[in-house]
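Worksheet for the structure shown next.
Just follow the structure's listing: the first ligand is 1, and inside any ligand the first atom is 1. Since this is a predicted model, take the numbers as computed values, not measurements. Starting from 1, each residue takes its place in the sequence as its number.
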Amino acid sequence: MSLKVYINGKLYDKDDAKISVYDHGLLYGDGVFEGIRSYGGKVFRLKEHLDRLWDSAKAIWLEIPISKAEMAKVIEDTLKVNGIQDGYIRAVVTRGCGTLGLDPNECSDPQVIIIADRISLYPDELYQKGLEIVTVSTMRNHPAALSSRIKSLNYLNNILAKIEGLQAGCIEALMLNHKGEVAECTGDNIFAVRAGLIRTPPCEAGILEGITRDVVIGLARDAGFEVLEVPLTKHDIYIADEVFLTGTAAEVVPVVKIDSRSIGNGTPGKITRNLIARFKKLTQS
Ligand code: PMP
């Protein structure tokens, strides 16, 4: 059975789910999106994702044509109609069809798209063995030019960093901000553990405020760990005992090597494994 994709109130077969070439989402990356998980048929942290989607839209003067409650319902319905239990949902709102000029006021019909599919981002063995990453030269967007807190359809900054990572043989890459501080990876937030203390860059470092990041900070604090949101340098990552990444698709993934240096003893650390287990428990409860 073909996957059904929701576009503005209707379900289409995947092959027939189409958007105009005049949509400014395509022409200019003018739009916003969310990547959301479902576990056991239940949407994980739906409210947080909807809040972030609405915040992103507000920041770009985009009015989402349906309410949060309606969006929640169509997300749940699209998941159900596709019979997906453990899946990945992509919610997209484009600026809609306009002219070939930039003016968003010429766009009258924002497109609300919901895709419910399955995902496996990283192979299972990476969660056991850990991931190798590299720092790339593509700087994270300057937050005064384009806030990283807006989850917009323009992901070129991250894609350029991803290409650099892939060329170096790594599937994830670390990006620094305009101050040379650690920001985040191309699609994941980063954490470093040293002497039992867990640290992660603050929002001011120019990062996406990851929902998994928030969940993991909460889980770690509940487990009695101290977590600080403080600026970090590459040096802090190099000398960490443990490093891990968080993201909706990746969940919690250990990093064991960066820029050819082993992290700690080169295997996933104890606190990382503890948090992976706690995260798993949360998503399977
Ligand atoms: N940073 C970036 C740049 C991202 O695209 C994402 C989402 N893939 C994240 C961090 C992680 O955020 P979340 O936990 O909300 O998925």
Quick check: does E209 get an N/O under 3.5 Å from an N/O on ligand 1? no
Geometric N/O contact L208 with ligand 1, under 3.5 angstrom: no
Can you confirm if the NZ or CZ of R37 lies within 45° of the ring axis of Y88 and under 6.0 Å from the centre of its six-membered ring? no
Would you say N189's side chain and E184's backbone share a donor-acceptor pair under 3.5 angstrom? no
For the pair E70 (side chain) and S67 (backbone), establish whether a donor and an acceptor sit closer than 3.5 Å, ignoring hydrogens and angles. yes
When the ring centroid of F244 is compared with that of F279, is the distance short of 6.0 Å? no
Check for me whether [X] has a heavy atom closer than 4.0 Å to any atom of ligand 1.
| X | answer |
| --- | --- |
| E34 | no |
| D214 | no |
| R52 | yes |

Looking only at protein heavy atoms, which one is nearest to atom 5 (O) of ligand 1, and what is the separation? Y155 OH, 2.5 Å
For atom 14 (O) of ligand 1, the closest protein heavy atom turns out to be T212 OG1, 2.5 Å
Taking only heavy atoms of [X] into account, list the atoms of ligand 1 that are under 4.0 Å away from them.
| X | value |
| --- | --- |
| T248 | 13 (P), 14 (O), 15 (O), 16 (O) |
| E184 | 1 (N), 2 (C), 3 (C), 10 (C) |
| N158 | 3 (C) |
| G210 | 12 (O), 13 (P), 14 (O), 15 (O) |

Going by heavy atoms in the side chains, are R90 and F33 under 4.5 Å from each other? yes
Out of curiosity, I263 CD1 to L131 CG, how far, rounded to the nearest 0.5 Å? 10.5 Å
So how far is it from K179 NZ to R140 CZ, rounded to the nearest 0.5 Å? 15.0 Å
Closest heavy-atom approach to atom 9 (C) of ligand 1 among A183, S148, G187, G35 is made by G187
Looking only at heavy atoms, which two atoms of A173 and G165 are closest? And how far apart? CB-CA, 4.0 Å
